[in-house]
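What follows is a short report on a single structure.
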Amino acid sequence: MTKLAPMTGVQTSVNNSFKQRFIRDFKLNRLLYIMMIPVILYYVVFHYAPMYGAIIAFKDFSPMKGIMGSDWVGLQHFRDFFSSYYFWRILGNTVLISVYSILFMFPAPIILALLINEVRNQTFKRVVQTFSYMPYFISLVVICGMITDFTNSNGVINTLFSWLGYDGAAMLQKPGLFRPIYILSEIWQKIGWESIIYIAALAGIDQEQYEAARIDGASRLKQMLHITLPGILPTITIMFILRMGNMLNVGFEKIILLYNPVTYETADVISSFVYRKGLLEFGWSYSSAVGLFNSVVNLILLISANYISRRVNKTSLW
Amino acid sequence: MHAETGLRNKIFDYTINTMLILLVIVTLYPLLYVLFASFSDSAQLVANKGFLWKPLGFSLEAYQSVFSNPGILKGYGNTLFILVFGVTLNMLLTSMAAYVLSRRNVMWNSAFTLLIVFTMFFHGGLIPMYLIVKGVGLIDSIWATIIPFAVSTFNLIIMRTAFSAIPESLEESAKIDGANHLTILFRIVLPLSKPVIAVMVLYYAVEKWNAWFYASIFLKDRNLFPLQLILREILISNSTDSMATGASSADQFMIGETIKYATIIVATLPILCVYPFVQKYFEKGVMIGAVKG
């Protein structure tokens with residue numbers, strides 16, 4: 001036993017008042033608390049102070065008067081936002097991009113993992129994995145630069161589609177093409193990386209099941225669909241619920257790099273709108289209100305996803 | 001019967017291999033295109049439409065422009081600064097906090113954990129964040145890209161989990177010898193956690209390398225711009241003009257195209273060369289993260 005045990009033992013703590021425990025704990029763990037000070041300070045200043053600062057959503061913030069001194073306007077900014085033309089547009093875009101991502105992007109790495117799992121030649125397997133992870137390490141700015149360039153009127157992707165009858169105009173200038181470009185490039189960049197988790201799960205499948213299936217004469221395709229896929233289903237479910245909880249967290253940095261006024265109608269999402277209204281047009285309070293709306297909806301979605309997951313799946317974040 | 005299954009299996013194998021080879025081609029070709037284009041003669045490249053299977057002509061003009069561009073060199077320098085000091089600060093704070101939170105019998109630990117984890121699920125928003133960074137006087141300081149991102153909650157939780165898994169008995173003897181917590185952290189816990197430290201350093205480094213958004217709102221002085229912001233100017237806002245100085249405007253456009261590709265290569269090649277060597281750490285990181293959910 002440690003020499004600390006008697007101090008924190010159950011018998012002695014019964015007749016300890018909170019104050020005594022507090023003092024004893026502090027004497028014992030003083031250095032730990034000192035080590036924690038910078039981190040707590042960091043969280044207070046850069047996470048909790050902005051939460052407090054979010055009250056400017058209910059004020060008419062002016063940099064002169066500061067957060068405290070600005071005048072209260074109540075729910076004015078929220079009312080303005082909900083009744084504005086932009087509300088349905090950016091909410092719709094956010095949800096659509098999210099839903100399309102889930103529909104098309106979510107299954108892609110699972111399929112890749114299943115395919116990689118069937119490869120018998122270890123060297124080939126390694127090569128495929130290494131190359132498919134690669135785009136993940138190219139920075140977002142460079143990826144978006146490549147997208148812009150390839151889809152431009154002289155770009156290689158644009159040319160490829162002109163051979164198939166496309167009219168050849170810069171693709172990022174067409175509102176109808178924004179979402180496909182966004183999602184396909186997302187798949188291109190992340191399919192390999194996101195398959196890692198499923199490949200790891202595949203390693204845990206009991207090999208005897210395959211043996212039994214082979215004796216029964218099941219084809220490889222059947223084995224894949226009836227043993228491999230169910231084997232990683234728990235992992236798939238967890239990833240899916242986590243993804244659902246992130247519904248309104250669209251990768252807005254990528255959107256800001258790719259969109260332009262012509263494509264706002266399909267590309268503008270809540271967070272890009274907050275950025276534009278707040279930091280480019282200085283509507284501090286209004287855009288804080290929009291941002292706060294986003295944060296609250298996210299929190300509700302996450303709590304719901306967690307609740308459903310706990311009920312259905314017996315797995316949850318808390 | 002047996003021969004038939006054999007044939008079916010063969011077809012299955014061929015189908016899968018073909019699909020994966022296609023995937024590798026689709027993944028690699030855009031990168032090869034950029035590489036070929038960057039070495040191409042600018043006039044020939046602009047005239048060309050469609051695929052490239054080798055550089056058109058051969059010219060190092062674009063690379064000369066890139067390497068003589070003060071913005072790119074300065075950007076590289078700034079990013080290097082952010083990487084070195086940023087990741088050091090990240091690791092120092094994250095490992096200290098992870099150590100404290102992995103101790104048992106610390107009265108305030110559950111309160112600390114709640115305080116920290118809550119920030120993963122709720123945040124004040126972009127504008128209040130900007131106002132705070134402005135309020136503490138970091139606007140237009142390179143530290144604005146470092147200090148507000150000093151700890152990643154996700155990484156902190158991963159590290160705390162890893163530290164909790166270290167058997168207590170290993171620390172006991174040091175405790176009896178009178179070692180304090182800092183000594184235990186730096187002499188015992190950290191040396192025992194090399195794999196997780198490697199993963200954390202890589203995660204933080206990638207985050208810093210890629211970051212451009214907050215730099216774009218916190219920094220106005222071009223001399224402080226990290227590489228990614230310079231890249232944004234060149235690749236997305238199309239401002240290669242300053243690099244192709246002394247050329248006519250038509251020439252500037254043509255040279256501009258090859259400069260873009262050369263810039264991509266210069267900014268990406270170092271990462272892609274290092275990456276295969278650290279790949280296994282990343283894979284490990286995904287799995288550590290996954291266990292936590």
Side-chain angles (χ1 to χ4, degrees), chain A residues 2 8 21 25 29 31-32 35-36 38-39 42-43 45-47 49-51 53-54 56 67 115 118-119 128 130-135 137-142 144-146 148-150 154 156 159 196-197 200 219-221 238 253 257 274-275 278-279 284 287-288 291-292 295 299 302 317, chain B residues 8-9 12 16 19-20 23-24 27-28 30 33-34 49-51 93 96-97 100 103 105-107 112 115-116 119 121-132 148 150-151 172 180-181 209-210 212-213 217 228 231-232 235-236 260 264 267-268 271-272 275-276 279 283 286-287 290 293:
Chain A
T2 78
T8 48
R21 276 200 297 139
D25 173 72
N29 297 321
L31 185 57
L32 289 178
M35 285 163 77
M36 205 62 193
V39 178
Y42 164 75
Y43 274 96
V45 174
F46 291 107
H47 290 270
M51 281 184 214
I56 64 166
I67 295 174
L115 293 182
E118 295 297 332
V119 174
V128 171
T130 303
F131 284 131
S132 67
Y133 302 165
M134 225 174 204
F137 295 94
I138 302 173
S139 74
L140 184 61
V141 174
V142 168
C144 291
M146 284 166 68
T148 313
D149 206 84
F150 288 165
N154 261 323
V156 59
T159 310
I196 297 177
I197 180 118
S219 70
R220 294 262 301 279
L221 185 65
I238 291 174
E253 292 194 6
L257 289 171
V274 170
Y275 163 70
L279 292 172
W284 305 99
S287 97
S288 295
L292 193 60
S295 291
L299 189 64
L302 188 86
L317 295 168
Chain B
R8 266 204 321 213
N9 279 345
F12 185 77
I16 288 201
M19 279 153 85
L20 289 175
L23 178 91
V24 170
T27 308
L28 278 188
Y33 182 95
V34 171
K49 271 174 98 70
F51 295 116
L93 290 188
M96 281 206 301
V100 176
R103 298 305 92 188
N105 300 327
V106 179
M107 196 175 165
F112 291 155
L115 181 91
I116 288 167
T119 62
F121 304 127
F122 191 79
H123 53 87
L126 183 61
I127 308 301
M129 177 74 171
Y130 177 82
L131 293 177
I132 296 298
V151 180
E172 285 311 325
N180 67 26
H181 285 297
W209 171 264
N210 279 330
W212 67 275
F213 178 71
I217 62 175
Q228 300 301 330
L231 291 178
R232 186 180 68 148
L235 301 177
I236 313 234
K260 276 193 197 173
I264 293 179
T268 309
I271 306 288
L272 292 188
Y275 144 74
Q279 184 190 346
E283 288 177 14
V286 169
M287 287 164 211

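Only this structure's heavy atoms are used, side chains among them; waters, hydrogens and symmetry mates stay out. Letters A, B, ... mirror the listed sequences (proteins, then strands); counts begin at 1.
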Original post:
Can you tell me how far the CG atom of Asn9(B) sits from the CD atom of Glu118(A), to the nearest 0.5 Å?
Top reply: 9.5 Å
Original post:
Atom CG in Leu20(B), atom OG in Ser132(A): separation rounded to 0.5 Å?
Top reply: 8.5 Å
Original post:
Non-hydrogen atoms of chain A under 4.5 Å away: do they reach the side chain of Thr27(B), the backbone, both or neither?
Top reply: both
Original post:
Side chain, backbone, both or neither: which part of Leu28(B) has an atom under 4.5 Å from a heavy atom of chain A?
Top reply: side chain
**OP:** Go through the atoms of Val106(B) and report whether side chain, backbone, both or neither lie under 4.5 Å from a heavy atom of chain A.
**Re:** both
**OP:** Let me know if Leu93(B) has heavy atoms under 4.5 Å from chain A in its side chain, its backbone, both or neither.
**Re:** both
**OP:** Quick one: closest heavy-atom pair of Leu140(A) and Asn210(B), and the distance?
**Re:** N-OD1, 4.0 Å
**OP:** Check for a donor-acceptor pair, side chain of Ser295(A) on one end and backbone N or O of His123(B) on the other, with a separation under 3.5 Å.
**Re:** yes
Original post:
How long is the gap from CG on Leu221(A) to CD1 on Ile16(B), to the nearest 0.5 Å?
Top reply: 8.0 Å
Subject >> Which of Ile116(B), Ile264(B), Val34(B) touches chain A most, by non-hydrogen pairs under 4.5 Å >> reply: Ile116(B)
Subject >> Polar side-chain atom of Tyr133(A) near backbone of Pro276(B) as donor-acceptor pair, under 3.5 Å >> reply: no
**OP:** Kindly indicate whether the side chain of Thr159(A), heavy atoms from C-beta on, has any atom under 4.5 Å from the side chain of Phe51(B).
**Re:** no
Subject >> Met96(B), part contacting chain A, at a heavy-atom distance under 4.5 Å >> reply: both
Subject >> Contacting moiety of Gln228(B), where chain A heavy atoms sit under 4.5 Å >> reply: both
Original post:
Given the options Leu23(B), Ile271(B), Leu131(B), which has more heavy-atom pairs under 4.5 Å with chain A than any of the others?
Top reply: Leu131(B)
Original post:
In Å and rounded to the nearest 0.5 Å, what is the CG to CZ distance from Leu292(A) to Phe122(B)?
Top reply: 5.0 Å
Original post:
What part of Tyr130(B) gets closer than 4.5 Å to chain A, counting heavy atoms only: side chain, backbone, both or neither?
Top reply: side chain
Original post:
So how far is it from Phe46(A) CZ to Thr119(B) OG1, rounded to the nearest 0.5 Å?
Top reply: 13.5 Å
Original post:
Taking atom CE of Met35(A) and atom CZ of Arg103(B), what is their separation to the nearest 0.5 Å?
Top reply: 8.5 Å
**OP:** State, yes or no, whether a side-chain contact exists between Trp212(B) and Leu257(A) at a heavy-atom distance under 4.5 Å.
**Re:** yes
**OP:** Check whether Phe131(A) gets within reach of chain B through its side chain, its backbone, both or neither, counting any heavy atom under 4.5 Å.
**Re:** both
Original post:
Which one, Ala267(B), Gly125(B), Ala97(B), leads in non-hydrogen pairs under 4.5 Å with chain A?
Top reply: Ala97(B)
**OP:** Using a 4.5 Å cut-off on heavy atoms from C-beta on, say whether the side chain of Phe12(B) contacts that of Ser219(A).
**Re:** no
